[in-house]
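Below you'll find the structure, written out as structure tokens, and then a few comments.
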Amino acid sequence: GAVVSQHPSRVICKSGTSVKIECRSLDFQATTMFWYRQFPKKSLMLMATSNEGSKATYEQGVEKDKFLINHASLTLSTLTVTSAHPEDSSFYICSARGPLGEKLFFGSGTQLSVL
Amino acid sequence: KQEVTQIPAALSVPEGENLVLNCSFTDSAIYNLQWFRQDPGKGLTSLLLIQSSQREQTSGRLNASLDKSSGRSTLYIAASQPGDSATYLCAVGGTGTASKLTFGTGTRLQVTL
């Protein structure tokens, strides 16, 4: 199946710093990628839809200035958590629609811990 | 607004047992339904995808059914193995936005020796 690579898998940062998470489709082109957030023992919540070459679409309640998304190429989308605070600590997962356009393939996730 | 519920939240079974995981959704106007597996601290692995026009899909020991009218899906796992231990998530794709999924809260499965 299609492979989505997410990096880093784990990051610890100080409060006030910014953190960038990368999501790459390795063997296919993804015009659309999705960013999710997951709290412990909770389900995934869609944060935003990342569109190649245009602005991301954010879900209600998600601060676009806080969570900057850039989708500059057909294989790479990045999520930058700006001025991170402890409440931003969470598991972030990206996904991309597969080459056949049906299934979603997910990255391995990034565990962000803000001290 | 679509809401997806999974029951039970947690399940522990001895190795070899057949088991059923349940998923229900409130809005039957769906595009598709997908079952995923998530290991602790990891991403999601797609198991089965059922289109809204389909009734079931099978892959190996897994069988997923869909009853759109009643808003239900089940994931059947035959002859469970310890390696099946994980959290299983169902996700519903809405019409017109096929890739925008609404996830259930998952069922944490533990298969014991």
Side-chain angles (χ1 to χ4, degrees), chain A residues 1-11 21 23-26 30-51 56-61 77 89-113, chain B residues 1-11 21 23-26 30-54 57 59-60 64 86-110:
Chain A
V3 178
V4 175
S5 174
Q6 187 172 341
H7 179 80
S9 58
R10 181 177 296 272
V11 58
I21 303 170
C23 181
R24 295 180 184 272
S25 56
L26 296 187
T31 55
T32 303
M33 291 186 177
F34 304 87
W35 288 96
Y36 293 83
R37 182 174 182 175
Q38 186 179 32
F39 291 101
K41 297 186 179 180
K42 298 292 185 183
S43 189
L44 278 73
M45 289 176 41
L46 179 65
M47 297 174 65
T49 302
S50 169
N51 303 297
T57 303
Y58 290 81
E59 295 299 301
Q60 189 173 8
S77 175
S89 299
S90 189
F91 192 61
Y92 294 86
I93 310 178
C94 70
S95 71
R97 192 187 308 173
L100 299 180
E102 292 297 331
K103 285 186 180 181
L104 280 187
F105 294 90
F106 284 77
S108 55
T110 297
Q111 182 63 54
L112 171 64
S113 298
Chain B
K1 179 184 176 184
Q2 179 74 270
E3 292 182 4
V4 181
T5 304
Q6 288 186 247
I7 295 173
L11 180 64
L21 307 181
C23 173
S24 60
F25 46 94
T26 54
I30 67 171
Y31 184 78
N32 57 28
L33 185 145
Q34 201 164 346
W35 281 93
F36 296 89
R37 168 186 173 138
Q38 184 177 29
D39 292 289
K42 303 291 184 182
L44 277 66
T45 301
S46 179
L47 298 174
L48 290 164
L49 170 70
I50 310 177
Q51 300 293 351
S52 63
S53 58
Q54 298 175 323
Q57 283 287 329
S59 175
T87 295
Y88 291 81
L89 297 163
C90 75
V92 173
T95 57
T97 53
S99 292
K100 202 168 184 177
L101 299 179
T102 302
F103 282 83
T105 50
T107 294
R108 293 190 308 280
L109 172 66
Q110 183 174 9

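So you know, we letter chains A, B, ... as the sequences are listed, proteins then strands, and number each from 1. Remember, it's a predicted structure, so these values are computed and weren't measured experimentally.
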Smallest separation among heavy atoms of B:Q38 and A:I93, with atom names: NE2-CD1, 3.8 Å
Pairs satisfying salt bridge (charged side-chain N to carboxylate O under 4.0 Å, His left out), at least one member in residues 41-52 of chain B, at least two apart: none
Portion of A:Q38 that has a non-hydrogen atom of chain B nearer than 4.5 angstrom: side chain
Atom group of A:L44 that falls short of 4.5 Å from chain B, counting heavy atoms: both
Salt bridge (Lys or Arg N to Asp or Glu O under 4.0 Å) against A:R37, all qualifying residues, sequence neighbours excluded: none
Gap separating the CG atom of B:L101 from the OG atom of A:S95, nearest 0.5 angstrom: 7.0 Å
CG on B:L44 to CZ on A:F105, rounded to 0.5 Å: 12.0 Å
Side chain A:S43, main chain B:G104, donor-acceptor under 3.5 Å: yes
Interface moiety of B:Q6 toward chain A, non-hydrogen atoms closer than 4.5 Å: neither
